[in-house]
Amino acid sequence: MILDSLDADLKNIVAELAKKANLSLSEEIDRLVFFDISTEKDHGDYATSCALKLSKQFKLSPRELADQIVQQLNNTSIEKISIEGPGFINVFIKTEDKANALQNILAQGLDWGKLETHKGSVLVEFVSSNPTGPLHVGHGRGAILGMVLSNLLENSGYQVTKEYYVNDAGRQIAILTSSLLLNAYCDDFDADGTYEGEYIHALALQFKKTQSDNDLTLSFDSLSDDKDERLDQISAHLKNTSPELWNAAREFAVTNILQIIKGELEEFGIDHDTWFHESSLGSINKSESDLAKSFIDIENKGHTYKKDGASWFKSTDFADDKDRVLVRENGEPTYYMTDVGYHKNKIDREYDLCINVFGADHHGYIPRLTAAFDVMKNDKQDIEFMLYQLVNLYEDGNKRSMSTRRGEFYSLEDLRKELGPDVIKFFFLEKKSDHTMDFDINLAKEESKNNPYFYSQYAYVRCNSILRKKRFNPQEKISDQEINANFDLLVKVLNFPKHIKEYTEERSPHSLVHFVKELAASFHSFYETSPVICDDEAVSNARLLITETTKLVIEKSFRLLNVKPLEKM
RNA sequence: GCGCCCGUAGCUCAGUUGGAUAGAGCAUCUGGCUUCGAACCAGAGGGUCGGGAGUUCGAGUCUUCCCGGGCGCACCA
């Protein structure tokens, strides 16, 4: 890319100037000295404000510094260079070089936009919804976010592992197991707080068929009035009186619900590389288990203490607002402890970076998890969190309720069946993730410009439609006129890698959606003003090349977004 | 009460590590199909960037205080 070469030259020049002035500015040069893509044609192709930022250090006026930089900047691609306003340096690139760059995109194909800027291994943990029921709409947002983030990271050179953490132990699973058994064997047993809904009834029926003892009757003696106590009594009773049945039911429920979840994720093209089961963390009492290893690690490093019979982690030494219990008085690990053990396992698998995609309601969890991670990690490892906020569904101007009293809820599957997976991806990704979003179902169904998904697909379809009609010679020289007349479109196509790099580093998949929308808009405008198939063969050839490269960039973007480009609509 | 997130056009939202005149779409108004797909394009109006103070060549962006909204503050998971 021309821009990379310009950036390198600029950094070298400023470094030289700093050296002459006896200034050590390597950090500033790294951070502040670079070219931006100009937002206006008048400002050239690229602009830098580095002279404004560094004038103080150099004890020069910004324009004086800019002048010194400009005198040395003689990159062969530069057509014209000027200093404007308070000290901006604007660079105009030779039209011929832009034309060459455009032709070069064709040679790269879908590798255009692929980066080699990052190294190392990343674990992205996302979805990790409890296997107690189908995914709801909110899970979908996290799922799509995690997937596209993974795509971007992979595209930039990282070795990415996508992981789903399965909470297959603990109280929620006990309640799920009870729910299944009650549904299978107790007619009209109404226990507040158990899982209900069609999927439970269906699973219960299936489960019953797998058991030889078909007419089992379950009975309960005195049950507490307190909802939670009662649920635990039911679980304990079932588990103790029929341990084999209990284990079979638990296994059956978890396996089958995971299958439902996995199937739904597949519909969205989301595939996790690993499914990590909480139950595999082992027992806190066995020293080789991840759970015990993580506890011992923190203990050995001197960050634990005993209080009220429990074992605590002094997380307040690491920016947490209160200390946390790891092991209860009764010897049972807390949920937090299991998550610490899980992260110890991630650390031992030697990932350089662990990214957790969390629902924003878990944000309070970040300081304590970071604290434990920082204690256990090696000094090259890092943890990051991405939060996603709630989704509100609107239909006909009214907020739509996503759950009912009966435990039924409007699931991700329901939404997908209503709209299709790709339009949902586009809408979910369009908004910044840490921002509650209003999802307008009517708009998502609309097939018009109002709907950014269709608008973008339509641009791709138009590209294809044109390219089917006429072939072109990719080597033929392109006139300056065609390059200059289509600045708005080409600036996006030619700088695609720079944008992708930024979206990856900023962890902002939503920016990619906005990029595609804007690229589509530029193409639609180009389409109206510049007939591609026309009598002038040279002009036609150039425009076909522009169309082809635009198509490539849209296609590549769609792939990163996990959206299937449509040849026809 | 403490912590995190958010507040930009009537609505839904962007806004490039602080940059040049704050942008899209919807809605309103005007114009454009005999031709590559009008599922589109061109144009107009619409703003105290929640409010005040500060930092500096420059603030929607950073700091601080206030106002308003969401979420979280367990030996639950």
Side-chain angles (χ1 to χ4, degrees), chain A residues 31-32 34 36-40 42-43 47-49 52-53 55-56 61-62 84-88 90 130 132 167 169-173 175 228 278 307-312 321-322 324-330 332-339 359-367 387 389-390 394 397 430-432 434-440 443 446-452 454-455 457-459 461-470 498-499 502-503 505-506 508 510-511 513-515 517-518 520-521 523-534 540 543-544 547 568-569:
Chain A
R31 189 166 48 87
L32 302 173
F34 57 88
D36 279 314
I37 300 161
S38 296
T39 47
E40 275 176 73
D42 294 345
H43 298 156
T48 180
S49 58
L52 289 156
K53 287 169 179 161
S55 64
K56 201 167 276 177
S61 77
E84 302 292 339
F88 294 102
N90 294 338
N130 284 346
T132 51
N167 291 103
R171 185 162 178 268
Q172 292 308 316
I173 296 299
I175 295 172
D228 286 322
E278 180 187 348
K307 193 178 98 184
D308 304 332
S311 298
W312 296 67
D321 58 348
K322 53 184 86 160
R324 307 292 167 180
V325 172
L326 293 169
V327 184
R328 301 184 184 105
E329 192 173 1
N330 65 10
E332 289 292 316
T334 57
Y335 177 82
Y336 172 59
M337 176 76 244
T338 61
D339 241 1
D361 54 341
H362 286 70
H363 71 261
Y365 214 69
I366 293 173
L387 299 177
Q389 292 277 7
L390 295 175
Y394 283 82
E430 190 193 4
K431 310 288 156 61
K432 272 188 294 204
D434 195 9
H435 203 300
T436 50
M437 69 169 291
D438 294 335
F439 187 111
D440 183 340
L443 178 60
E446 209 171 299
E447 301 192 354
S448 74
K449 181 175 181 173
N450 312 359
N451 181 334
F454 276 90
Y455 183 73
Q457 285 282 18
Y458 184 44
V461 167
R462 272 181 154 175
C463 289
N464 279 293
S465 175
I466 294 168
L467 291 163
R468 267 195 300 270
K469 288 191 162 65
K470 193 168 179 184
K498 162 89 170 173
H499 291 298
E502 184 188 309
Y503 305 156
E505 288 173 353
E506 298 290 317
S508 59
H510 76 279
S511 300
V513 176
H514 287 275
F515 173 83
K517 275 163 58 182
E518 281 164 29
F523 181 75
H524 285 309
S525 178
F526 162 78
Y527 179 93
E528 297 287 337
T529 53
S530 313
V532 176
I533 296 168
C534 56
S540 189
R543 291 177 181 175
L544 281 163
T547 304
K568 291 180 181 177
M569 316 198 303

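For clarity, every value in this text was computed on a predicted model and none was experimentally measured. By convention in this document, chain letters (A, B, ...) are assigned in the order of the sequence lines, proteins followed by strands, and residues within each chain are numbered from 1. Values below: every heavy atom of this structure, side chains too, minus hydrogens, waters and symmetry copies.
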Compare the minimum distances between each of B/C40, B/A39, B/C57 and the side chain of A/Y455, then state the nucleotide with the smallest one.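 Given the options B/C40, B/A39, B/C57, the side chain of A/Y455 is closest to B/C40.
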For A/A169 and A/P62, find the nucleotide of RNA chain B closest to each by heavy atoms; which residue's nucleotide sits nearer the 5' end?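 Here A/P62 is the residue nearer the 5' end.
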Strictly below 4.0 Å, N to O, side chains only: are A/R324 and A/D321 in salt-bridge contact?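 Yes, charged N to carboxylate O under 4.0 Å.
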Using a distance-only test with no angle check, is there a side-chain donor-acceptor pair under 3.5 angstrom linking [X] and [Y]?
| X | Y | answer |
| --- | --- | --- |
| A/K470 | A/S540 | yes |
| A/Q172 | A/N130 | no |
| A/E278 | A/N167 | yes |

Which residues share a salt bridge (Lys or Arg N to Asp or Glu O under 4.0 Å) with A/R31, sequence neighbours left out: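 Result, salt bridge (Lys or Arg N to Asp or Glu O under 4.0 Å) vs A/R31: A/E27.
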Go through the structure and list residues passing salt bridge (Lys or Arg N to Asp or Glu O under 4.0 Å) with A/R462, not counting sequence neighbours.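 By the salt bridge (Lys or Arg N to Asp or Glu O under 4.0 Å) rule, A/R462 matches A/E528.
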Measure the distance from [atom1] on [X] to [atom2] on [N] and round it to the nearest whole Å.
| X | N | atom1 | atom2 | result |
| --- | --- | --- | --- | --- |
| A/Q389 | B/G69 | CD | P | 17 Å |
| A/E506 | B/G18 | CD | P | 10 Å |
| A/L387 | B/C6 | CG | C1' | 13 Å |
| A/H499 | B/G15 | NE2 | P | 13 Å |
| A/E430 | B/C11 | CD | P | 18 Å |
| A/D438 | B/C26 | CG | P | 19 Å |
| A/F523 | B/A39 | CZ | P | 15 Å |
| A/K432 | B/C13 | NZ | P | 11 Å |

Can you pull every protein N or O that's under 3.5 Å from an N or O on nucleotides 30-38 of chain B?
{"unit_1": "B/C36", "atom_1": "O3'", "unit_2": "A/K469", "atom_2": "NZ", "d": "3.3"}
{"unit_1": "B/C36", "atom_1": "O2", "unit_2": "A/V532", "atom_2": "N", "d": "3.2"}
{"unit_1": "B/C36", "atom_1": "O2", "unit_2": "A/I533", "atom_2": "N", "d": "2.9"}
{"unit_1": "B/C36", "atom_1": "N3", "unit_2": "A/V532", "atom_2": "N", "d": "2.9"}
{"unit_1": "B/C36", "atom_1": "N4", "unit_2": "A/Y527", "atom_2": "O", "d": "2.1"}
{"unit_1": "B/G37", "atom_1": "OP1", "unit_2": "A/S465", "atom_2": "OG", "d": "2.3"}
{"unit_1": "B/G37", "atom_1": "OP1", "unit_2": "A/K469", "atom_2": "NZ", "d": "3.4"}
{"unit_1": "B/G37", "atom_1": "OP2", "unit_2": "A/K469", "atom_2": "NZ", "d": "3.0"}
{"unit_1": "B/G37", "atom_1": "O2'", "unit_2": "A/Y458", "atom_2": "OH", "d": "2.6"}
{"unit_1": "B/G37", "atom_1": "O2'", "unit_2": "A/R462", "atom_2": "NE", "d": "3.1"}
{"unit_1": "B/G37", "atom_1": "O6", "unit_2": "A/M569", "atom_2": "N", "d": "3.4"}
{"unit_1": "B/A38", "atom_1": "OP2", "unit_2": "A/R462", "atom_2": "NH2", "d": "2.6"}
{"unit_1": "B/A38", "atom_1": "OP2", "unit_2": "A/Y527", "atom_2": "OH", "d": "3.2"}

According to the Watson-Crick and G-U wobble definitions, with both distances under 3.5 Å, which nucleotide is paired to [N]?
| N | answer |
| --- | --- |
| B/G60 | none |
| B/U12 | B/A24 |
| B/G72 | B/C2 |
| B/G46 | none |
| B/G7 | B/C67 |

Indicate yes or no: at least one non-hydrogen side-chain atom of A/H514 is less than 4.5 angstrom from one of A/E430.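 They are in contact (side-chain heavy atoms under 4.5 Å apart), so the answer is yes.
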State, yes or no, whether a side-chain contact exists between A/Q457 and A/M569 at a heavy-atom distance under 4.5 Å.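 A side-chain contact exists here, since the closest heavy-atom pair is under 4.5 Å.
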Look for any protein N or O under 3.5 Å of an N or O in nucleotides 72-75 of chain B and output each such pair with its distance, or none.
{"unit_1": "B/C73", "atom_1": "O3'", "unit_2": "A/K322", "atom_2": "NZ", "d": "3.3"}
{"unit_1": "B/C73", "atom_1": "O2'", "unit_2": "A/K322", "atom_2": "NZ", "d": "3.0"}
{"unit_1": "B/C75", "atom_1": "O3'", "unit_2": "A/R328", "atom_2": "NE", "d": "3.2"}
{"unit_1": "B/C75", "atom_1": "O2", "unit_2": "A/E329", "atom_2": "N", "d": "3.4"}
{"unit_1": "B/C75", "atom_1": "N4", "unit_2": "A/D308", "atom_2": "O", "d": "3.4"}

Classify the ring geometry between A/F523 and A/F526 as parallel (under 30°), tilted (30 to 60°) or perpendicular (over 60°).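 Answer is tilted, since the angle falls between 30° and 60°.
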If the [atom1] atom of [N] is compared with that of [M], how far apart are they to the nearest Å?
| N | M | atom1 | result |
| --- | --- | --- | --- |
| B/C49 | B/U61 | P | 10 Å |
| B/C13 | B/U8 | P | 9 Å |
| B/A27 | B/A9 | C1' | 11 Å |
| B/U16 | B/G54 | C1' | 26 Å |
| B/C2 | B/C66 | P | 9 Å |
| B/G45 | B/G23 | P | 13 Å |
| B/G3 | B/C11 | P | 31 Å |
| B/G58 | B/A22 | C1' | 15 Å |

Worked verdict on A/F88 versus A/L52 for side chain to side chain contact (heavy atoms under 4.5 Å, CB included): CA-CA 7 Å; A/F88 294 102; A/L52 289 156; 3.7 Å; yes
Does the protein touch nucleotides 19-25 of chain B at the base, only the backbone, or not at all? Give it as B, S and - per nucleotide, heavy atoms under 4.0 Å. BBB---S
Keeping A/S38 on the side-chain end and A/H43 on the backbone end, is there a donor-acceptor pair under 3.5 Å?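 A pair under 3.5 Å: yes.
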To the nearest 0.5 Å, how far apart are CG in A/D438 and OH in A/Y394?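 The OH atom of A/Y394 is 4.5 Å from CG of A/D438, to the nearest 0.5 Å.
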Please enumerate all residues that pass side-chain contact (heavy atoms from CB on, under 4.5 Å) together with A/K56, with sequence neighbours excluded.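 For A/K56 there are no side-chain contact (heavy atoms from CB on, under 4.5 Å) partners, ignoring immediate neighbours.
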Does B/G70 have OP1 or OP2 under 4.0 Å away from a side-chain N or O of A/H435?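 Answer no for this pair, as no side-chain N or O of A/H435 is under 4.0 Å from OP1 or OP2.
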